[in-house]
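Data block below; observations after.
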Amino acid sequence: MSKVIFHIDVNSAYLSWEAVHRLQHGDPLDLRTVPSAVGGDPIKRHGIILAKSIPAKPFKIQTGESLMAAFQKCPTLKVVPPRYDLYLRSSNAMIELISEYSSQIQRYSIDECFVDFTDMIKLFGDPIEVAYLIKERIKKELGFTVSIGVSSNKLLAKVASDLKKPDAVTTLFPEEISQKMWPLPVGELFMVGRATVKKLNFLGIETIGDLANYDVDILKGSLKSQGILVWNYANGIENSPVKKSNHLAIKSIGNSSTIPFDIDNQKEAHLMLLSLSEMVAMRLRDSQYLARLVSITYKTNNFNSLGHQKKFEIPTDHTTEIYHYARTLFDELWDGTPLRHLGVRVSELCENDFVQLHLFDAYARRKNGKLDQVIDELRGRFEPKSIMRGCFVGSGIKPLTGGVGEDDFPLMSSIL
DNA sequence: TCTGGGGTCCTAGGACCC
DNA sequence: TCTGGGGTCCTAGGACCC
């Protein structure tokens, strides 16, 4: 028997949430009614558009483009800074409301989720009517709009929610594929990004329909497994389950940041790595995992990206150990080119309830672990900034770099 | 185009082993 | 060794998602 899946997508999420919050706090202006955007600070070199209002669309403002470019297209564009804690709370409120209709919810990102409604039909009735009900309740009770796609699998539900925006419910059942999905440009398909569009165009494939009706063996030849995947998607074939998000399914934890100035000396680079390692290690301990692999990445001032990684014998969650690995990796890779961006990531995670300790290491590690624990507690009880290492004083580098702390739920992946 | 930060997965090549 | 081949692990880089 066939499933019923919803995909629920918040319209211009960051911007809508920002607008609602401002209205609730007495701001007379609804950001959604004027050309506006949520964006970073160009002075700190974080100047890109993160979300835009619908009135900004006619100016061809694009998510991801620089604020400079955006202002050139629309000098009156109202830009506000992001507030991720607010967005997380807004997202949580929405999920809570949706939970009243099904417990089978997969949070796909901060502003998107999948809902398996199959078993709830006998309780709530017609899925499409329920989708409208959810949409209206979110609008009335939370103040923002969503687009909901309804279908028999996640891929089709996701495509459906994109067909009509904002504030809409759209179906895309298998029998509607040829009429509703096939005429779309192939780049609209999930997992067909810029690089794949180019390769497909080269084969004469322009629309999703072209792809669906192409010889899958030829696709396999030039696109490998990706070719089979997107061919299946173009034909509406996809059957992954709606996975209830559990944060224990995390595969890696990383932080990275663009520095307001170019780093051209080892000392500052090390300080930045320490700052990133502090955050990564705190999140790692919070996740109850240990990591076996540490990687660093950087971007030079001419936007060249390089990375280096290494596996280590003994999994760890200690700040100082992760930092030392990161520093060694960095020193092995860096040739002195000025840097604009640095990142630290840990992966190959394993449960932390059972660790084989080398006898020699045992004492030092326990001491380290205690220190980390105390710092984590103080940072939790007061403010994260309440404890910082002296070496950061006057350095121009923040003692902790990176976001996504406490309410970790980053299960956003490119895989359904 | 003066261009963020959080992720996941796949592929290719070399090392190493049998 | 101017020789074969398969399996697995490691690493770098790139593709995609939001």
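Numbered from 1 within each chain, the chains take letters A, B, ... in sequence-line order.
Distances shorter than 4.0 Å separate some side-chain N or O of A/H308 from OP1 or OP2 on C/dA12. Between B/dG4 and A/H341, no contact under 4.0 Å exists linking OP1 or OP2 to a side-chain N or O. Not one side-chain nitrogen or oxygen of A/K251 sits closer than 4.0 Å to the OP1 or OP2 atom of B/dT8. The phosphate of B/dG6 (OP1 or OP2) has a side-chain N or O of A/S256 nearer than 4.0 angstrom. Side-chain nitrogen and oxygen atoms of A/N255 include at least one within less than 4.0 Å of the OP1 or OP2 phosphate oxygen of B/dG6. For B/dG6, neither phosphate oxygen OP1 nor OP2 lies less than 4.0 angstrom from any side-chain nitrogen or oxygen of A/S109. Distances shown here put every side-chain N or O of A/S225 at or beyond 4.0 Å from the OP1 or OP2 atom of B/dC10. Using a 4.0 Å cut-off, no side-chain N or O of A/R345 falls inside it from OP1 or OP2 of B/dG5.
In terms of position on DNA chain B, the residue among A/T401 and A/S66 whose nearest nucleotide sits closer to the 5' end is A/S66.
Between the P atom of B/dT8 and the CD atom of A/Q226 lies a distance of 18 Å, rounded to the nearest Å. The CD1 atom of A/I296 sits 9 Å away from the P atom of C/dA12 (whole-angstrom rounding). Rounded to a whole Å, the CD1 atom of A/I48 is 14 Å from the P atom of B/dC2. B/dC10 atom C1' lies 9 Å from atom CE of A/M191, rounded to whole Å. For A/K299 and B/dT3, the NZ to C1' distance is 8 Å, given to the nearest whole Å. Residue A/L223 contributes atom CG, which lies 12 Å from atom P of C/dA15 at whole-angstrom precision. Atom P of nucleotide C/dC18 and atom OH of A/Y87 are separated by 19 Å, given to the nearest angstrom. One can place CD1 of A/I49 at 12 Å from C1' of B/dG4, the figure rounded to the nearest angstrom.
Comparing the P positions of B/dC2 and C/dC18 gives an interatomic distance of 25 Å, to the nearest angstrom. C/dC17 and B/dT3 are spaced 23 Å apart, taking the P atom of each and rounding to whole Å.
Checking C/dC18, B/dG4, C/dT11 against every side-chain atom of A/Y108, the shortest atom distance belongs to C/dC18. Here the side chain of A/K224 is nearest to one of B/dA12, C/dC16, C/dA12, namely B/dA12. Of all nucleotides listed (B/dG5, B/dT11, C/dC10), B/dG5 comes nearest to the side chain of A/T258. Distances from the side chain of A/F190 to the nucleotides B/dC2, C/dT11, C/dC17 place C/dC17 closest. Listed candidates were C/dC17, C/dT11, B/dT3. Nearest to the side chain of A/F303 is B/dT3. In this structure, the nucleotide among B/dA12, C/dC17, C/dA15 sitting nearest to the side chain of A/A195 is C/dA15. For A/A69, taking side-chain heavy atoms from C-beta onward, the closest of the listed nucleotides B/dC2, B/dC10, C/dC16 is B/dC2. Checking B/dT1, B/dT8, B/dG5 against every side-chain atom of A/S252, the shortest atom distance belongs to B/dT8.
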Original post:
Are A/V242 and A/Y108 close enough, and set up right, to give a side-chain contact (heavy atoms from CB on, under 4.5 Å), and what steps lead you there?
Top reply: CA-CA 10 Å; A/V242 171; A/Y108 185 66; over 6 Å; no

**OP:** Please lay out, stage by stage, how A/Y298 and A/L306 fare under the test side-chain contact (heavy atoms from CB on, under 4.5 Å).
**Re:** CA-CA 6 Å; A/Y298 61 65; A/L306 282 100; 4.0 Å; yes

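A/Q62 has its side chain out of reach of A/I49: every pair of non-hydrogen atoms, C-beta onward, lies at least 4.5 Å apart. With a 4.5 Å cut-off on side-chain heavy atoms, A/I61 and A/K73 count as touching.
No contact: A/G40 has no heavy atom under 4.0 Å from any strand. At the heavy-atom level, A/G254 lies under 4.0 Å from the strands shown only through sugar-phosphate atoms. Within the nucleic acid shown, A/Q62 has no heavy atom closer than 4.0 Å to any nucleic acid atom. Among the heavy atoms of the strands lying under 4.0 Å from A/T196 are primed sugar atoms or P, OP1, OP2 only; no base atom is included. Nucleic acid contact class of A/K158 (heavy atoms, under 4.0 Å, all strands): sugar-phosphate only. Residue-level contact check: A/S257 touches the backbone only, with heavy atoms under 4.0 Å from sugar-phosphate atoms and none from bases. Residue A/G402 is classed as a sugar-phosphate contact, given heavy-atom separations below 4.0 Å to backbone atoms only.
Remark: C/dC18 base-pairs with B/dG5; criterion is Watson-Crick or G-U wobble with both hydrogen-bond distances under 3.5 Å.
In this structure, A/K154 satisfies the cation-pi test against A/F114, with its NZ or CZ atom closer than 6.0 Å to the six-membered ring centre and inside 45 degrees of the ring normal.
In summary, the side chains of A/E18 and A/S16 do not present any donor paired with an acceptor at a separation below 3.5 Å, with no hydrogens or angles considered. Neither side chain, A/E268 nor A/S395, offers a donor N or O lying under 3.5 Å from an acceptor on the other.
Here the two rings, on A/F117 and A/Y101, have centers that are 6.0 Å apart or farther.
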